[in-house]
Amino acid sequence: MFKLKLQQFEGPLDLLLFFIKRDELDIYDIPISKITKEFMEYLNLMEKLSLEVAGDFILMASTLMQIKVKMLLPREVNEKGEEIDPREELVRALLEYRRYKEMTEEFAVLESEQKKIFYRGNFKNDEIEKPEELQTLLKNVTVFDLLQAFKSAITRAEEEEHVHEIEKVNVTIEEQMNYILDKVKTGGKINFINLVSGIKEKIRIIVTFIAMLELVKLRKIDLRESETFNDFEIYGLENG
Amino acid sequence: MDRDYKSVIESIIFASDEPLAEKDLLNVIREIDGDDIKLKLGELNELVEELNSDYKETGRAFKIIKIAGGYAFATNKEYAKYVGFLTTEKSKRRLSQSALETLALIAYKQPITKPEIEAIRGVSSDYMLSTLLDKKLIKIEGRAETIGRPLLYGTTDEFLKYFGLNSITDLPKPREIEDIERDAEFLDQKRKIMMNQIEENIENELESKTNEIE
Amino acid sequence: MDRDYKSVIESIIFASDEPLAEKDLLNVIREIDGDDIKLKLGELNELVEELNSDYKETGRAFKIIKIAGGYAFATNKEYAKYVGFLTTEKSKRRLSQSALETLALIAYKQPITKPEIEAIRGVSSDYMLSTLLDKKLIKIEGRAETIGRPLLYGTTDEFLKYFGLNSITDLPKPREIEDIERDAEFLDQKRKIMMNQIEENIENELESKTNEIE
């Protein structure tokens, strides 16, 4: 439990701000020896509890040590001849950090308010009608695309044909026309890749492809550009 | 203004799975009905307002909100417990303190590089940045022209959506450093509890040491 | 029958990712309000019917339909053109995941051959390559000197423009986003110095404490 609590500090600046607040220190006049001592004790405690002391904390420790030493030496002066407070940079860093740290509270509030609202979840059943231009035959689907899709289906089938058996496959164009029509009956649709994905024999895919072209010619089906690249969708025409 | 467009607008916003920008909404209507539609950009907002008062009057459980630069339907807060029960654990999980801190920093200072983030937070932020990128709350916006050309980070539309903001200008303003000056009031009470524990522990530690010496 | 549940039911169906079965809907309400709710399974349907007649009366562009899995919201048919245009536009605008995947591989590994791409992706990439070539996001850069002398692919200026990059070296490196390994040795050294200081500090501390006690 203690371990978790210790890790609540987001970093060395966070830890320093904690000390400053706890002891009601003036951030512009930080008692550097006191705060260095506290910082070291905390690090020591982490070590004792076998927590890993992050490099950031070690870096801060050495920065604090440096400032502590500088405080004992005569002050440096800037171009205007003013003394430079060795703590100046640290103070600026603390203020800047605190600025954003404060905002995290606001962000947490926004977050929890936003967790209370929910958006619409399911869009699958909306009535849609694809724009006219896409319904025109083979719009954006070139012959090249058709051939590519065809070739790819063949290639995939070949890959699966590990055993080269010569086998007569009894399949007719009419059969495959019915097969396609069955898949797209009453206004349904199917992607070409899905249509042939279950088919293992090369010849059957070829026949299916020819059957599809035949159905397009007979205006029983329609082909449209698919949402996935270089595939196309086969639509059943309701009047077909 | 053509009131018939009210339902059209309603259907389009309802069917959009992400916040829909006004110009995209208008574009849909123009594409279908032609360029000579009577609806003007400024009237959209008015019709959406009308829809929202319809919903209020008829007791609908949702309304149209303006978020991440667009319109979206969202449930009213009062149904949070019911709807929340449906959603996965993941969506209920909150961001860690460090994630919020890093996000706040990026939101106000964007575009900002990792070295700049680390200089302000005082801790290494690699892990945090990759987590926030994964969650799509921040994105890479290019590279800084400084030495090493570090990547620049900024917030995303998902960020706006996550915090319920319409635009980045809706963010609460951080106080200027001058305003925080000498402000003794500093918001974290929860630290008090742990402070006592640390002190106690340090004291015990010292005591045992002292005992050893004795 | 408790009419207050009408809005609750509306909110739950609205936000559900999937069509919601009646018993699941009732289960949500029961989980939140306890087993003694007055709502019966049979009454759910009645309330949904009421919601639908509310929608019809007030001219809403959507309704609740009952499909295989349960209840779901759907926009009405008369707005099908608008909604159809919206969803088609959106899908056109998005690069598909596999296109992005292939493009990413080429961008990071260029020049790269098709066999190499396929070995990594584990799927045939002919489609993706020809589409990306079509869109001028990639180009053929020559042939590899390996067996079969396969074509080498690389990204184009169009690709840079599409992703808003000045040059290909501006691509974020995978390492930049990941957790950068800390230099263990360097850290170790720093820690040693540190620990000496802490020890010294604690000793001083104890000394003064001991003095106080004495």
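Chain A is the first sequence line, chain B the second, and so forth, proteins listed ahead of strands; every chain is numbered from 1. Below, each value reflects all heavy atoms present in this structure, side chains not excepted, and no hydrogens, waters or symmetry copies.
Per-residue heavy-atom pair counts under 4.5 Å with chain C were compared for B:L51, B:N76, B:V28, B:V83, and the maximum is reached by B:V28. When each of B:E141, B:R60, B:K81 is checked for heavy-atom pairs under 4.5 Å with chain C, B:R60 comes out on top.
Interface residue B:F73: backbone and side-chain heavy atoms are both found under 4.5 Å from chain C. Looking at C:I32, only its side chain comes within 4.5 Å of chain B, counting heavy atoms on both sides. Within the 4.5 angstrom heavy-atom criterion, atoms from both the backbone and the side chain of C:S16 approach chain B. Heavy-atom distances place the side chain of B:L20, and not its backbone, under 4.5 Å from chain C.
Considering every non-hydrogen atom in both B:I12 and C:L86, the closest pair reads O-CD2, 3.7 Å. The shortest heavy-atom contact between B:S11 and C:T75 is O-CG2, 3.8 Å.
Put simply, the side chain of B:T58 never gets that close to the backbone of C:T58: no donor and acceptor are under 3.5 Å apart.
Between B:F62 and C:F62, the ring centre distance stays below 6.0 Å.
Other residues, nucleotides and ligands contribute at most 12 non-hydrogen atoms within 6.0 Å of the NZ atom of B:K135.
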query = Yes or no on side-chain contact (heavy atoms from CB on, under 4.5 Å) for B:D33 and C:Y82, after CA distance, side-chain angles and deciding distance?
reply = CA-CA 9 Å; B:D33 294 344; C:Y82 301 100; 2.6 Å; yes
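Taken to the nearest 0.5 Å, the CD atom of B:E31 stands 11.0 Å off from the OG1 atom of C:T88. In this structure, B:F14 CZ and C:Y79 OH are separated by 12.5 Å, a value rounded to the nearest 0.5 Å.
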